[in-house]
Amino acid sequence: MKRNLLTAFCCLLPLGYWISAQSGISAELKTEYIPSSNYIRPEDSLKTNSKSDFKRATLNLSIPLSVKKDSAGRIKAWSMLLSGSYAKMSHKNYETPLFPDQMLNAQVGLQHIRPLGKKWSMMMMASVGLYTDLERISSDDILGQGGVLFIRHFNPNLALGGGPVLTTAFGPPMVLPWIYFDWKTNGKVKFKLNFPEGAEAGYEFSDALTLKAVVNLSGMVVERNKDGKSTMFGYQQITAGLRPEIKITDKLSLGVTGGSTLVRSFSESERKIKSIFKDKKMADPKFASTFYVAVSLRWNLP
């Protein structure tokens, strides 16, 4: 059940990146590379000679449509969200093809953030996107989702939120729980925990350079036709490493991450609501741990 829920949440726009309202256009361009590592067969957990790598480019863009501040400086905003990820995989020594060669997740959405009193705020989001392996694109590859998140701000550095999200990832529209947690510290030593995206701990050497230890969860999902049935094929990865972040200008920053994959796996389920609650008899296909590297560029325009 947990793996199927994770597949559904891979469809959502990157929550942690969009949760705070921006007064200007903001964007992030990120590239990732994982070299070939051995495929671990699920039926007996045997490390085989089959290997697969992973390369991905992701672009997230937020365009404010309307931004207003109340007398207390709290922001009420409408924004357009654009997100696209393209992944390419190369496979070696497989007797039969098991995994897609390409994956594309492209989404467009609308977001609204507004305060609810002094300690609460609300975020609403709706999006529609294309989730495909590019072998055969059809209407089944188009998924929609939307949700409402109520956030309690305990202080400027601690927030907890929850609410329902509606997704069509499993065919009929289904409501799933949506949880958000964000905690961070100030000063030279910085800690940050953001669910569901990851955690980081860092030290600020100067205004221009911060070194962080990071753990991140991410994934992709595509619709595939198997034996005449529409199925959801989800890719998940958990990575850990060190990331120096360099502030190039007040509006532009660069991050370079080097580390290892802790988890890299695929999951497959039918597009039926009952498949979410079905326990799998066999483990998901996965790959041995290996090196991980990523480069990200973020900018905020006034």
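Computation of the quantities below employed the complete heavy-atom set of this structure, encompassing side-chain atoms and omitting hydrogens, waters and symmetry-equivalent molecules.
No side-chain donor-acceptor contact under 3.5 Å links Ser83 to the backbone of Gln107. Side chain of Asn38 to backbone of Thr48: a donor-acceptor contact under 3.5 angstrom is found. Between the side chain of Ser37 and the backbone N or O of Ser289, no donor-acceptor pair lies under 3.5 Å.
Considering only heavy atoms from C-beta on, Thr132 stays 4.5 Å or farther from Val222 through its side chain. Taking the side chain as every heavy atom from C-beta outward, Pro42 and Lys286 never approach each other to under 4.5 Å. Residues Tyr131 and Met220 are not in side-chain contact: their nearest non-hydrogen atoms beyond the backbone lie 4.5 Å or more apart. Side-chain contact between Thr185 and Asn157 is absent, with no heavy atoms from C-beta onward closer than 4.5 Å. A 4.5 Å side-chain heavy-atom check between Val189 and Tyr203 finds at least one atom pair inside the cut-off. Side-chain contact between Tyr39 and Ser52 is absent, with no heavy atoms from C-beta onward closer than 4.5 Å. Here the side chains of Ser85 and Leu104 are not in contact, with every heavy-atom distance at 4.5 Å or above. Side-chain contact check for Glu32 versus Thr239: every heavy-atom pair is 4.5 Å or farther apart.
Closest approach of Lys119 and Phe154 over heavy atoms only: NZ-O, 3.7 Å. The two residues Leu61 and Ala27 make their nearest non-hydrogen contact at CD1-CB, 3.7 Å. Smallest separation of non-hydrogen atoms from Pro35 and Arg264: O-NH2, 4.1 Å. Shown here for Met103 and Phe266, the closest heavy-atom pair between the two residues is SD-CE2, 4.3 Å. Residues Leu134 and Tyr86 come closest through the heavy atom pair CD1-CE1, 3.8 Å. Of all heavy-atom pairs spanning Leu211 and Pro244, the tightest one is CD1-N, 3.9 Å.
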**Study point:** Criterion side chain to side chain contact (heavy atoms under 4.5 Å, CB included) on Met124 and Arg114, from CA distance to verdict
**Key:** CA-CA 9 Å; Met124 297 185 297; Arg114 65 184 305 128; 5.8 Å; no

*Under the side chain to side chain contact (heavy atoms under 4.5 Å, CB included) rule, what do Ser121 and Leu116 come out as? Steps first, then yes or no, please.*
CA-CA 5 Å; Ser121 65; Leu116 297 175; 5.7 Å; no

Q. Between His91 and Met89, is a side chain to side chain contact (heavy atoms under 4.5 Å, CB included) present by the stated rule, with each step listed?
A. CA-CA 7 Å; His91 309 291; Met89 298 183 70; 3.7 Å; yes

Derivation and outcome, side chain to side chain contact (heavy atoms under 4.5 Å, CB included), residues Val256 and Ile246
CA-CA 9 Å; Val256 180; Ile246 302 169; over 6 Å; no

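In this structure, the separation between CZ on Phe150 and CE on Met123 is 11.0 Å, given to the nearest 0.5 Å. With values rounded to the nearest 0.5 angstrom, Ile75 atom CD1 is found 13.5 Å from Lys68 atom NZ. The structure places CZ of Arg298 at 13.5 Å from NZ of Lys247, a figure rounded to the nearest 0.5 Å. Here Ile238 contributes atom CD1 and Thr261 contributes atom OG1; the two are 10.5 Å apart, rounded to the nearest 0.5 Å.
A salt bridge links Lys184 to Asp182: at least one charged side-chain nitrogen sits closer than 4.0 Å to a carboxylate oxygen. With salt bridges taken as basic N to acidic carboxylate O contacts below 4.0 Å, one links Glu43 and Arg41.
Taking the centre of each ring, Phe233 and Tyr235 stay at or above the 6.0 Å mark. A centroid separation of 6.0 Å or more is found between the aromatic rings of Phe287 and Phe54.
A donor and an acceptor atom, one from each side chain of Asn93 and Ser50, are nowhere located under 3.5 Å apart. If you check the side chains of Ser218 and Arg56, you find a donor sitting under 3.5 Å from an acceptor.
The neighbour count for Lys88 NZ, taken as heavy atoms of other residues, nucleotides or ligands under 6.0 Å away, is above 12. Lys190 NZ: more than 12 foreign heavy atoms inside a 6.0 Å radius.
Partners of Asp53 by salt bridge (charged side-chain N to carboxylate O under 4.0 Å, His left out), not counting sequence neighbours, listed by chain and number: Lys55. Scanning for ring pair (Phe, Tyr, Trp, His ring centres under 6.0 Å) contacts around Phe181 gives an empty result, with sequence neighbours left out.
Hydrophobic clustering, with ILVMFWY side chains joined whenever heavy atoms are under 4.5 angstrom apart, groups Leu82 together with Leu297.
For residues 207-216, the pairs satisfying salt bridge (charged side-chain N to carboxylate O under 4.0 Å, His left out) are Glu200-Lys212, Lys212-Glu245, with sequence neighbours left out.
His112 and Trp78 have parallel rings, their planes meeting at less than 30° on a 0 to 90° scale where 60° marks the start of perpendicular. A parallel orientation is assigned to the rings of Phe191 and Trp183, their planes being inclined by less than 30° (bins at 30° and 60°).
Considering Leu262, Asn216, Thr257 in turn, Thr257 is the only one that fulfils the side chain to side chain contact (heavy atoms under 4.5 Å, CB included) rule with Tyr292. With Arg224 as the partner, the side-chain hydrogen bond (donor to acceptor under 3.5 Å, both in side chains) test is satisfied by one option alone out of Asp140, Asp141, Asp133: Asp133.
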